[in-house]
Amino acid sequence: MTTSKMSSSRVVIIGTGAVGATTAYTLLLRERVSELVLIDANHEKAHGEALDMNHGLPFTGGVKLWAGDYSDCAGADIVIIAAGASQRPGETRIDLLKRNAGIFDSIIQNIVKYNDHGIILVATNPVDILTYVSWKKSGFPTNRVIGSGTLLDSARFRYLIGQNKGINPRSIHAHIVGEHGDSELPLWSLANVAGVKLEVTEEEREDIFSHTKNAAYEIINAKGSTSYAIALALDRIVASILQNEGSVLNVSTLLTDYKGISDVYLGIPSVVDRSGVREVLDLNLSDQELEQLRASANKLKSEIEKLEL
């Protein structure tokens, strides 16, 4: 039987809440790595998650999994950050940003204390800004600091288009780009099936994109948090890195003179391989899409400036 597990590969997950724990379980089931380490400020929580998963090892493969500390980052190929504060009642998004930036300051310091060669993969929201913070504080080259970006948004988009058209979403080629958040935008001009442009009415477009953009709110209102699809998205990024795939994924990466946009992390289709982000694709955007992408970038840059990094 073939396996996707890589020899002598280690992934560290920092934060064992819904996203971190589900990501660990997904990586375990798919045997992506030989070693999987869970780190949490509440070590008992990480220990409990690791113990629970270890009890399932007789049913799966040979992944070695434990609750560790930052020294375990020393041998890590990828460090996934899924830790961070939740928004408090009456707290603004910028207040939350400032608190999470402070938390990330400590996390990044501890990572780089033990690791200078791995890839940092950020999942914590607001992901684009916190990935930028991670890049600034780590001193790592930009290709090795990646955010989950709009990969999940694009999956939601493809799913909803597939539902609308009665086509398997894996056969839908469609992208959400920009911020992973309210200023994200759909690239209808590039949406296609086997190279054939999608015929979608304006009303259908508005409905599909509205459900795409508000999906997280709908899930959070219903069950408290998102976990499964983002875990699969992170697993997809991990696989592309460890298996040196060169897959095109809508990760968050630093843009430098990209259609006039610089010094901000945004979700853009990018080639992801063992080096991290190898290349950002030069998309052929419509004038309206380009205007919206620049607006998304400016929104994030204005919030980054308030952090006074």
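This one's a predicted model, so the numbers in the text were calculated from it and none came from an experiment. Hydrogens, waters and symmetry mates play no part in the numbers below; they use all other heavy atoms, side chains included.
- Residue-environment remark: CG (N221) exceeds the threshold of 12 foreign heavy atoms within 6.0 Å.
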Could you list the donor-acceptor pairs under 3.5 angstrom formed between side-chain atoms of residues 224-234 and any protein atom two or more places apart in sequence or on another chain?
residue: S227; atom: OG; partner: K223; partner atom: NZ; Å: 3.2

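- A heavy-atom distance below 4.5 Å is found between the side chains of W66 and V37.
- For the side chain to side chain contact (heavy atoms under 4.5 Å, CB included) test, residues two or more places apart in sequence or in another chain that qualify with D77 are S9, R10, L242, R274.
- Side-chain contacts under 4.5 Å among hydrophobic residues (ILVMFWY), followed directly or transitively, place F209 together with F157, Y159, L160, I161, I167, I172, I176, W188, V193, L198, V200, I208.
- Electrostatic pairing of K213 and D153 does not count as a salt bridge here, judged by no charged N lying under 4.0 Å from a carboxylate O.
- Hydrophobic cluster of Y217: no remaining members, since no ILVMFWY side chain lies below 4.5 Å from it.
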Under 3.5 Å, which donor-acceptor pairs do the side chains of residues 118-128 form with other protein atoms, sequence neighbours left out?
residue: T124; atom: OG1; partner: I81; partner atom: O; Å: 3.4
residue: T124; atom: OG1; partner: A83; partner atom: N; Å: 3.3
residue: T124; atom: OG1; partner: A83; partner atom: O; Å: 2.6
residue: N125; atom: OD1; partner: V127; partner atom: N; Å: 3.4
residue: D128; atom: OD1; partner: S252; partner atom: OG; Å: 2.8
residue: D128; atom: OD2; partner: H180; partner atom: N; Å: 2.8

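- In terms of modelled atom types and a separation under 3.5 Å, the side chain of D52 and the main chain of E49 share no donor-acceptor contact.
- Residues meeting the salt bridge (Lys or Arg N to Asp or Glu O under 4.0 Å) test with R278, sequence neighbours left out: D273.
- The side chain to side chain contact (heavy atoms under 4.5 Å, CB included) check on N168 picks up R170, S171, with sequence neighbours excluded.
- In this structure, N100 contributes its side chain and G84 its backbone to no donor-acceptor pair below 3.5 Å.
- Judged as a side chain to side chain donor-acceptor pair (under 3.5 Å), the pairs with a partner in residues 191-204 (not counting sequence neighbours) are, in order, N164-E204, T201-E204.
- Pairs engaging residues 136-149 under the side chain to side chain donor-acceptor pair (under 3.5 Å) rule: D105-K137 [sequence neighbours left out].
- In this structure, L51 stands alone, with no Ile, Leu, Val, Met, Phe, Trp or Tyr side-chain heavy atom under 4.5 Å from its own, directly or through other members.
- The list of ring-ring contact (aromatic ring centres under 6.0 Å, His included) pairs with a residue in residues 127-150, not counting sequence neighbours, reads Y132-W135.
- A search for side chain to side chain contact (heavy atoms under 4.5 Å, CB included) contacts involving E44 returns N42, H47, not counting sequence neighbours.
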